[in-house]
Visitor: 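Have a look at this one before I ask anything.
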Amino acid sequence: MRFNTALLHSAKLGDENTGATLTPIYQSSAFYQPSAEQHEKLFHNKATGYSYTRINNPTIVAFEERMTNLEKGVGSVACSSGMAALTNALLNIVGAGGEIVSSTGLYGGTIDLFHDLEAFGIKTTFVEISDNEAVEAAINENTRVIFAETIGNPKLDVVDIKALSELAHSHRLPLLIDNTVATAYLVTPLTLGADIVINSTSKYINGNSDAISGVITDSGNFKWDAERYPLLQQYKMFGKFAYIAKLRNGLFRNTGACIAPQTAFYNMLGMETLGLRMERCSHNALALAQFLESQEGVKVNYPGLESSPWHDIANEQLHGGYGAIITIRVGSKEKAFAVMNKLTIPQIVSNIGDTKTLIVHPESTLNAHSTEQEKLDANVYDDMIRISVGIEDVEDLIEDFQKALAD
Ligand SMILES: *Cc1c(COP(=O)(O)O)cnc(C)c1O
């Protein structure tokens, strides 16, 4: 099945008992058992079923299956937010004394998380991720994972996943990719060699900004060696599902990072139009970026433009567009604020991935806790506006920006 068909038909939806065409929201914290014996089996992974929604739930499982199909993995764990997914994905394989090698062009919250992990004895080295030598130099015997975003938010650098995964694997390290900005519509990192993918499904997967969640999807391909990942060894019997089994039997259930069944339902609805929305907003973003680039005093960063240093790798790796995030620099913070305040269609909002166009001034908000060097490395400047382009009629967006940019 092709992309849009698969979104609608690749996983069973609905309820055989009643003929409901959508998977019901199982709004129940717990599930009763037919016998004490069955309950014991459930708790020893000797039977499948449900006991408690913090661990799993039929609505959530239906959503996880759809994410697994979408990202072409073997299994997924849905979490309460993108940050919860990222935290769980990392801590499942990195402990005290372990290190992370990460790209610099990250979502501000992720940079903050890496700092928070320092208190638990986990160090992160930030490197220019397209520079193989810099990545090699950052790897040492304590490194446990390499991390990057497919399209860095808001740096908009497109990571060469194939090359980076080959490099990671040559050091027997897994590559963890945050695919939130690109989505599986543009690229499926697991098919290019990445080992684990996380998505903040609060964004394009949900699509309407009506609920927060995140998902971890595993390729099942990485060989976890006993010396570096000792805690994974007890899950070896799960084969390709070892990473996911460890998560669900350990950190995920014990940190209580579960998604609400209602949110899983919203996400399944939203996902049906992921292809349509990504096609439209990527198309709009390219048209808006081209218009903005023609405006005097405006510097535009968008992987779809030839002026982007990542245009070639974007062409090679992304399919069906270049995503819907653009950043522009307008000369000063004052000008940036003035433009934002003058725009009438885009709302000033800190997230991305809505049907509607959203704008934010990252330097004073999302990256408020980053150091000056981190901001520079992430290409965050005080005259920069990030635009998350929606599915409006692009002519209206262009007219609005034209007016707002005029003095
Ligand atoms: C929003 C975002 C996150 C965090 O996701 P939440 O669902 O808000 O916790 C992580 N990574 C990227 C790239 C994001 O855009």
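These numbers come from the heavy atoms of this one structure, side chains and all, not from hydrogens, waters or symmetry mates. Index from 1, following the sequence. Owing to the predicted nature of the structure, the values given are computational and were not obtained by experimental measurement. In each ligand, atom 1 is the first atom listed, and ligand 1 is the first ligand listed.
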Visitor: Ignoring hydrogens and geometry, is there a side-chain-to-backbone donor-acceptor pair from E71 to N69 under 3.5 Å?
Guide: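 No, the answer is negative, given that no donor and acceptor are paired below the 3.5 Å cut-off.
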Visitor: Would you mind writing out a table of all protein N or O atoms found under 3.5 Å from any N or O atom of ligand 1, naming both atoms and giving the distance to 0.1 Å?
Guide:
| unit_1 | atom_1 | unit_2 | atom_2 | d |
| --- | --- | --- | --- | --- |
| ligand 1 | 5 (O) | S200 | OG | 2.9 |
| ligand 1 | 7 (O) | G82 | N | 2.8 |
| ligand 1 | 7 (O) | S200 | OG | 2.8 |
| ligand 1 | 7 (O) | S202 | OG | 2.6 |
| ligand 1 | 9 (O) | G82 | N | 3.0 |
| ligand 1 | 9 (O) | M83 | N | 2.9 |
| ligand 1 | 11 (N) | D178 | OD2 | 2.7 |
| ligand 1 | 15 (O) | N153 | ND2 | 3.1 |
| ligand 1 | 15 (O) | K203 | NZ | 2.8 |

Visitor: For the residue pair W224 and Y243, does the interplanar ring angle fall in the parallel (under 30°), tilted (30 to 60°) or perpendicular (over 60°) class?
Guide: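 Rings of W224 and Y243: parallel, under 30°.
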Visitor: Which pair of non-hydrogen atoms, one from I111 and one from T104, has the smallest distance, and what is that distance?
Guide: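 What the structure gives for the nearest pair is CD1-O, 4.3 Å.
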Visitor: Determine whether Y229 and Q233 satisfy the following criterion, side chain to side chain donor-acceptor pair (under 3.5 Å), listing intermediate values before the conclusion.
Guide: CA-CA 7 Å; Y229 307 96; Q233 298 316 303; over 6 Å; no
Visitor: Kindly indicate whether a cation-pi arrangement holds for K203 with Y107, taking the cut-offs as under 6.0 Å to the six-membered ring centre and within 45° of the axis.
Guide: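 Judged by the rule, K203 and Y107 form a cation-pi pair.
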Visitor: E272: what forms a side-chain contact (heavy atoms from CB on, under 4.5 Å) with it, not counting sequence neighbours?
Guide: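 In terms of side-chain contact (heavy atoms from CB on, under 4.5 Å), with neighbours along the sequence ignored, E272 is linked to L8, L13, L22.
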